[in-house]
Number of protein chains: 2
Amino acid sequence: MANRSGVNFDPYVTNINLTVSNRPSFSHVSFRDMMHRARKEAILEECTRLLSERGYDAMTLDQVAEAAGMAKAVLYKHFKGKEDLCCEVMVRGLERAQGFLDGLPARMVASQRLQAFVRWVLQAQLNSDAPLLAERKSEIRHALKASEPYQLALQGLSTRLEEWIVQAQEAGHIHPGWPLLVARQMLMTRAVDPMVDALMHTQAYSHDEVVEWCVKTCMATLHASPEYLPLSQKAKPAKKSMLAVG
Amino acid sequence: MANRSGVNFDPYVTNINLTVSNRPSFSHVSFRDMMHRARKEAILEECTRLLSERGYDAMTLDQVAEAAGMAKAVLYKHFKGKEDLCCEVMVRGLERAQGFLDGLPARMVASQRLQAFVRWVLQAQLNSDAPLLAERKSEIRHALKASEPYQLALQGLSTRLEEWIVQAQEAGHIHPGWPLLVARQMLMTRAVDPMVDALMHTQAYSHDEVVEWCVKTCMATLHASPEYLPLSQKAKPAKKSMLAVG
DNA sequence: GTCTATACAGAGATAGAC
DNA sequence: GTCTATCTCTGTATAGAC
């Protein structure tokens, strides 16, 4: 049985240590509490990884328990069940994303922040540490819809992105032709772009190159005009309009 | 157990038919064969819908059997199992896509064909009739990877798209800065863009409007230059380059 | 070929000893 | 609080009557 953190959590050993020592009960409680939180962290960490790698439906609590080095029953002391556990993972993912946005250097302008956001989420996904939910048809979505903390965190992230979109549009870095709602959904969707998997699978590009191509597709879209329609049957836009962009 | 020769070995039915009917065995076999195919079609149709609505993992064979109006055991007379059934659904989806591409009017230029392809797949998805696999982490991907018919059909579709991409690039409708591989993956990924679900969910746009916005994001990207990078720390591209596109 | 009934496996969740 | 062992439910797949 793998214990990835390497810490000894055996309750009996812990008991012995507490008995032979004369530490005050305050310290005792604090110690146990610390261990408790540490185990919870280990669970959340491994669950984040498995969720990112396998997806909600394919991930099992047996896998989480084994990866975290504890019995499955322990999971239920910390969380009500699979849904509850994964909801908390997703909420923490959103909080990490918020933290990343908060830490962006002040000199960055809005469009740079948006690009940094997309790149960071894409990279995290390739590192099996996805902070955002990529699955559209997973059973967990029902639970997330009902989760107030999740909806609040998601709302915060959306608001932040929308502010920057407006700023970037005013600065002329995002084309004003994109509705705010469409631009926001595009950013959040491209941040978990399934194209990363497809491109990685071709083995034509490195990890970082794949991320950059995905970032480019996203930013190029927002910068371009949505009104380009090569298919309106007669219009054939001149080449020079395109070359003027580069 | 599949009966590859199509001959009926069942002792009961064969006996009855041979006794009470005087029709030549040829007609008899043809009629039964027709019914057999009809039921198989019904299974495939309902499975396509459920697969599109719920995804591979969430879809159950009980649902397929009930939707098709037959006992679950019948499914196993037509298909080896869930994987086999869904693989055939996906292959037929690819064939339908090929059929759509074959039917495009001759006057359409390459970029118009590409746009028509993306729009058609997106619409089919919203009609619960997805011809392409959107799920990236489903268990079915292993089976598809091993399925020769699927890989062949997918290869055919890819080749066709790549030809048109090259033509569109030569015509100046797709920016030459996009590598062929990236452009192809972008098209196939955008054709099943998860953004459709996200946008539909906001209830801000109608069915058709959502599809059009997704089509626009895809085509605008291919038309634009990938080398626009607002985030290269010092460069601040002029507004006029963007406005020149519209 | 189609049905009912059932075997079998996997995974979520719980019981009870320590 | 943690463990082992078990329950329960669901879903795939199969057996056997007709």
Side-chain angles (χ1 to χ4, degrees), chain A residues 1 3 5 7-19 28-29 31-40 42-43 47 50 54-87 139-140 143, chain B residues 1-3 5-19 28-29 31-40 42-43 47 50 54-87 139-140 143:
Chain A
M1 181 168 307
N3 186 337
S5 55
V7 180
N8 181 10
F9 286 120
D10 188 289
Y12 305 106
V13 174
T14 306
N15 247 338
I16 291 171
N17 285 332
L18 289 173
T19 316
H28 159 83
V29 170
F31 174 74
R32 287 177 58 82
D33 193 46
M34 200 175 66
M35 296 302 289
H36 185 77
R37 286 166 188 264
R39 298 201 78 156
K40 185 168 181 177
I43 295 169
C47 185
L50 285 162
R54 308 205 171 201
Y56 180 79
D57 294 317
M59 183 201 78
T60 72
L61 293 187
D62 294 84
Q63 294 164 356
V64 176
E66 186 182 353
M70 62 192 71
K72 185 165 60 168
V74 179
L75 302 182
Y76 289 88
K77 298 292 181 181
H78 293 270
F79 306 96
K80 285 201 290 282
K82 187 181 183 182
E83 274 193 1
D84 184 49
L85 166 57
C86 292
C87 274
E139 294 294 318
I140 197 183
Chain B
M1 177 97 52
N3 187 342
S5 60
V7 180
N8 181 8
F9 286 122
D10 187 290
Y12 303 100
V13 176
T14 307
N15 253 337
I16 292 170
N17 284 331
L18 287 175
T19 318
H28 156 83
V29 169
F31 175 73
R32 287 179 54 83
D33 193 47
M34 200 175 65
M35 295 302 290
H36 185 78
R37 286 166 188 264
R39 297 200 75 145
K40 185 168 180 176
I43 295 169
C47 185
L50 284 163
R54 308 206 170 199
Y56 181 79
D57 294 318
M59 183 201 79
T60 72
L61 293 187
D62 294 84
Q63 295 163 356
V64 176
E66 186 182 352
M70 63 191 72
K72 186 165 59 168
V74 179
L75 301 183
Y76 289 88
K77 298 292 182 182
H78 293 270
F79 306 95
K80 285 203 289 280
K82 186 180 183 183
E83 274 193 0
D84 184 50
L85 166 57
C86 292
C87 274
E139 294 295 318
I140 198 183

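Bear in mind that the values here come from a model prediction, so they are computed numbers and not experimental data. Just so it is clear: chains get the letters A, B, ... in the order the sequence lines come, proteins before strands, and each one is counted from 1.
A search for side chain to side chain contact (heavy atoms under 4.5 Å, CB included) contacts involving Ala58(B) returns Glu139(A), Arg54(B), not counting sequence neighbours. Take Arg37(B) and apply the salt bridge (Lys or Arg N to Asp or Glu O under 4.0 Å) test, not counting sequence neighbours, and it matches Asp33(B). Taking Ala42(B) as the reference, nothing meets the side chain to side chain contact (heavy atoms under 4.5 Å, CB included) condition, with sequence neighbours excluded. Lys82(B) pairs by the salt bridge (Lys or Arg N to Asp or Glu O under 4.0 Å) definition with nothing, not counting sequence neighbours. Residues forming a salt bridge (Lys or Arg N to Asp or Glu O under 4.0 Å) with Asp84(A) (at least two apart in sequence, or on another chain): none. Partners of Ala71(B) under the side chain to side chain contact (heavy atoms under 4.5 Å, CB included) rule, at least two apart in sequence or in another chain, are Val74(B).
Between His78(A) and dT2(D), a side-chain N or O to OP1/OP2 separation shorter than 4.0 Å is present.
Within the 4.0 angstrom heavy-atom criterion, no nucleotide atom of any strand lies near Met35(B).
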Write out a two-atom table: protein N or O, nucleotide N or O from nucleotides 10-15 of chain C, distance below 3.5 Å.
| residue | atom | partner | partner atom | Å |
| --- | --- | --- | --- | --- |
| dG12(C) | OP1 | Lys82(A) | NZ | 3.0 |
| dG12(C) | OP2 | Leu61(A) | N | 2.8 |
| dG12(C) | N7 | Lys72(A) | NZ | 3.0 |
| dA13(C) | OP2 | Tyr76(A) | OH | 3.2 |
| dA13(C) | OP2 | Lys82(A) | N | 3.0 |
| dA13(C) | N6 | Lys72(A) | NZ | 3.4 |

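Between Leu75(A) atom CG and dT4(D) atom P there is a gap of 13 Å when expressed in whole angstrom units. Taking atom CD1 on Ile43(A) and atom P on dG1(D), their separation rounds to 12 Å, with Å as the unit. Note: CE (Met34(A)) to C1' (dG1(D)) measures 16 Å, nearest angstrom. Rounded to whole angstrom, the span from the NZ atom of Lys77(B) across to the C1' atom of dC3(C) amounts to 11 Å.
Across dT4(C), dG1(C), dT4(D), the shortest atom-to-atom separation from the side chain of His36(B) is found for dG1(C). Which of dT4(D), dC3(C), dT2(D) sits closest to the side chain of Arg39(A) comes down to dT2(D).
Axis angle across the helix from dG1(C)-dC18(D) to dC18(C)-dG1(D), with five pairs used at each end and values rounded to 10°: 20°.
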Can you give the donor-acceptor pairs under 3.5 Å from side chains of residues 59-70 of chain B to other protein atoms, not counting sequence neighbours?
| residue | atom | partner | partner atom | Å |
| --- | --- | --- | --- | --- |
| Thr60(B) | OG1 | Gln63(B) | N | 3.2 |
| Asp62(B) | OD1 | Lys72(B) | NZ | 3.4 |
| Asp62(B) | OD2 | Lys72(B) | NZ | 3.4 |
| Gln63(B) | OE1 | Thr60(B) | N | 3.2 |

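Minimum interatomic distance between Gly81(A) and Tyr76(A) (heavy atoms only, all atoms of both residues): CA-CE2, 3.9 Å.
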